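Before any comments, here is the structure.
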Amino acid sequence: MSARPSALITGITGQDGLYLAELLLAKGYDVHGLIRGKNNAKQALVEAIAPGTVLHNGDLTDLPSLVRAVYASRPDEVYNLASMSYVANSWESTQLTTEVNAKGVVNVLEAVRLYTDTEPQGARFFQASSSEMFGKVQEVPQRETTLPWPRSPYAVAKVFGHHMTINYRESHGMHASSGILFNHESPRRPVDFVTRKITRAVARISLGLQDVLTLGNLDVERDWGFAGDYVEAMWMMLQQEEADDYVIATGQTHSLRDLLDVAFGHVGVDDWSHLVRQDPAFFRPAEANLTLGDASKAREVLGWKPKVTFAELVRMMVDHDVAEAAHPIG
Ligand code: NAP
């Protein structure tokens with residue numbers, strides 16, 4: 001590695017990309033990011049949160065743009081965080097999801113392989129895999145060896161990207177690692193995701209700006225952690241001598257009812273039953289079952305463990321959304 005390491009992040013405008021850029025800048029990296037389109041509205045966000053980041057135009061579906069971005073940033077580490085990440089939309093946008101989340105991973109791997117073959121230093125690679133790959137879970141808790149059983153087009157594409165990452169490691173000797181990431185949230189989670197939908201609605205209800213919150217299945221259980229902790233695990237994986245795959249999870253599961261309890265409790269509402277409606281329209285065609293991760297390998301090999309608890313995470317998100325609803329921007 002050069003004196004000042006360089007990293008390229010795809011998906012830099014997303015939740016994890018922003019946290020990872022902040023982390024790497026704090027560690028003294030030159031940070032580069034791939035951004036879609038000439039007038040991406042989120043460019044200002046990247047510049048505000050991660051000043052000094054160099055942005056390169058590109059798209060996961062466009063191999064030449066990835067090759068250009070990799071050669072221009074001369075990275076020691078490439079983090080592939082870009083994806084079509086709305087599981088619920090993936091039944092409607094199956095082809096696009098496949099192009100980005102499956103074939104897009106091959107494109108990034110190929111760009112990194114070309115660079116590593118032609119430049120003596122080469123680059124290490126991280127792939128953001130997902131606990132959604134376990135869908136119809138074959139064992140509880142899920143670990144690196146658990147058989148995948150994807151239950152959405154998003155998850156099927158993620159399984160492809162995951163195994164392609166392993167294949168490039170085994171076939172081409174690349175330092176390619178994959179984090180099997182369980183759900184992780186933050187105040188930067190888009191409002192289309194159920195956790196943020198809840199914390200935003202709770203904030204607005206507490207301020208008298210909204211009457212009710214409509215949700216799907218309240219009994220869905222997930223293993224939810226804080227995004228800031230998860231990007232640290234990504235970085236730790238690329239510091240290892242050997243590339244490998246790691247489950248990144250809290251090892252604790254909570255239902256949406258638990259989330260509602262903490263969120264409403266934080267704004268002084270103990271009984272939220274009259275404020276929440278259930279609508280079957282929000283149920284998924286095929287729901288993933290109990291996802292619960294066993295991150296003992298990450299704990300033992302990487303020395304990683306989550307720092308922010310479930311209740312702290314939910315309260316952090318509600319506080320952010322109360323402040324935002326009380327003082328809207330623009
Ligand atoms: P996110 O906030 O939805 O961000 C997705 C990013 O991908 C955005 O920067 C988006 O750019 C970019 N992107 C989408 N399509 C692209 C394309 N065709 N070419 C280039 N960039 C494209 O996702 P996240 O929550 O940060 O998650 C990061 C990664 O972890 C994703 O791969 C996700 O699937 C995976 N993951 C996340 C979780 C979780 O709980 N958050 C769990 C498991 C796995 P635009 O701004 O241009 O749209």
Side-chain angles (χ1 to χ4, degrees), residues 8-22 33-46 49-50 53 55-66 69 78-90 93 95-108 111 126-135 142 150 152-162 165 178-196 222-231 233-234 246-250 288 291 293 306 313 317:
L8 172 65
I9 304 171
T10 75
I12 193 155
T13 57
Q15 170 187 260
D16 292 6
L18 291 168
Y19 279 108
L20 182 62
E22 278 180 311
L34 188 83
I35 189 157
R36 285 198 287 177
K38 283 279 177 218
N39 296 309
N40 192 315
K42 295 191 205 145
Q43 181 165 341
L45 197 63
V46 179
I49 290 174
T53 297
L55 294 173
H56 304 270
N57 274 108
D59 194 298
L60 243 61
T61 60
D62 179 26
L63 177 59
S65 73
L66 299 173
V78 174
Y79 295 87
N80 184 35
L81 309 187
S83 86
M84 207 303 290
S85 55
Y86 297 95
V87 177
N89 284 359
S90 72
S93 306
Q95 195 150 357
L96 177 63
T97 303
T98 307
E99 289 297 330
V100 178
N101 296 11
K103 289 165 76 178
V105 182
V106 177
N107 287 342
V108 184
F126 171 82
Q127 167 62 14
S129 293
S130 168
S131 57
E132 290 284 334
M133 300 191 305
F134 297 127
Q142 295 89 50
S152 64
Y154 166 92
V156 173
K158 282 285 181 186
V159 171
F160 177 91
H162 180 68
T165 301
S178 173
I180 306 171
L181 311 172
F182 281 62
N183 288 63
H184 47 281
E185 317 293 316
S186 76
R188 292 180 190 158
R189 193 68 144 149
V191 292
D192 321 61
F193 287 86
V194 69
T195 48
R196 184 80 198 288
R222 290 284 181 273
D223 179 330
W224 275 298
F226 171 52
D229 289 340
Y230 284 47
V231 299
M234 299 174 189
Y246 297 90
V247 162
I248 303 300
T250 69
T291 51
L313 169 66
M317 292 172 70

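Being a predicted model, the structure only gives us computed values, none of them experimental. As a basis for the values below, the full set of heavy atoms in this structure was taken, side chains included, without hydrogen atoms, waters or symmetry mates. Order of appearance sets the numbers: ligands from 1, and atoms from 1 within every ligand.
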If we ignore angles and hydrogens, is there a donor and acceptor under 3.5 Å between the side chains of [X] and [Y]?
X      : Y      : value
Ser178 : Thr165 : no
Thr10  : Asn80  : yes
Ser186 : Gln15  : yes

Min N/O separation [X] to ligand 1 under 3.5 Å:
X      : answer
Ser129 : no
Lys42  : yes
Leu60  : yes
Phe193 : no
Gly17  : no
Thr61  : no
Asp16  : yes
Tyr154 : yes
Ser130 : no

Point to revise | Candidate list Thr250, Thr195, Asp16, Asp229, test side-chain hydrogen bond (donor to acceptor under 3.5 Å, both in side chains), partner His184, passing option | key: Asp16

Nearest protein heavy-atom contact for [atom]: which residue, which atom, what distance?
atom                    : result
atom 29 (C) of ligand 1 : Leu81 O, 3.2 Å
atom 5 (C) of ligand 1  : Ser83 O, 3.6 Å
atom 2 (O) of ligand 1  : Gln15 N, 2.9 Å
atom 47 (O) of ligand 1 : Arg36 NE, 2.9 Å
atom 41 (N) of ligand 1 : Arg189 NH1, 3.0 Å
atom 43 (C) of ligand 1 : Leu181 O, 3.1 Å
atom 39 (C) of ligand 1 : His184 CE1, 3.2 Å
atom 21 (N) of ligand 1 : Ala82 CB, 3.4 Å

Revision key, fill the gap. Sorted by chain and number, sequence neighbours left out, side chain to side chain contact (heavy atoms under 4.5 Å, CB included) with Ser130 holds for Glu132, Tyr154, Lys158

Check your understanding: Can you tell me how far OG1 of Thr97 sits from CG of Asn89, rounded to the nearest 0.5 angstrom?
Key -> 8.0 Å

Point to revise | Rounded distance [0.5 Å steps], CE in Met317 versus CZ in Arg188 | key: 12.0 Å

Practice item. Could you tell me whether ligand 1 has any atom less than 4.0 Å away from a heavy atom of Asp59? Key: yes

Review point. Measuring from the heavy atoms of Lys158, does anything fall under 4.0 Å of ligand 1?
Key: yes

Review point. In terms of the angle between their ring planes, are Phe134 and Phe182 parallel, tilted or perpendicular, with boundaries placed at 30° and 60°?
Key: tilted

Numbered atoms of ligand 1 (with element) below 4.0 Å of [X], judged on heavy atoms:
X      : value
Thr13  : 8 (C), 9 (O), 10 (C), 11 (O), 45 (P), 46 (O)
Val100 : 15 (N), 18 (N)
Asn183 : 40 (O)

Point to revise | Residue part near ligand 1, for Asn40, under 4.0 Å between non-hydrogen atoms | key: side chain

Check your understanding: Under 4.0 Å from ligand 1, counting heavy atoms only, is it the side chain of Arg188, its backbone, both or neither?
Key -> neither

Study note, to complete from the structure: Correct closest heavy-atom pair for Leu34 and Leu66 would be CD2-CD2, 3.6 Å

Check your understanding: Given side chains that start at C-beta, do those of Ile49 and Glu22 come closer than 4.5 Å, heavy atoms only?
Key -> yes

Exercise for review: Take Val108 and Gln127 through the test side-chain contact (heavy atoms from CB on, under 4.5 Å) and record every step on the way to the result.
Suggested key: CA-CA 10 Å; Val108 184; Gln127 167 62 14; over 6 Å; no

Revision key, fill the gap. In terms of its nearest heavy atom to atom 6 (C) of ligand 1, the top option of Gly33, Gly11, Gly58 is Gly11

Review point. Quick one: which of Ser85, Ala128, Gly37 has a heavy atom closest to atom 3 (O) of ligand 1?
Key: Ser85

Review point. Are the side chain of Asn101 and the backbone N or O of Met84 linked by a donor-acceptor pair below 3.5 Å?
Key: yes

Check your understanding: Under 3.5 Å, is there a donor-acceptor pair between the side chain of Arg196 and the main chain of Arg189?
Key -> yes

Point to revise | Residue list, side chain to side chain donor-acceptor pair (under 3.5 Å) with Thr53, at least two apart or on another chain | key: none

Practice item. Decide yes or no on side-chain contact (heavy atoms from CB on, under 4.5 Å) for Gln142 and Val247, but give the supporting numbers first. Key: CA-CA 8 Å; Gln142 295 89 50; Val247 162; 5.8 Å; no

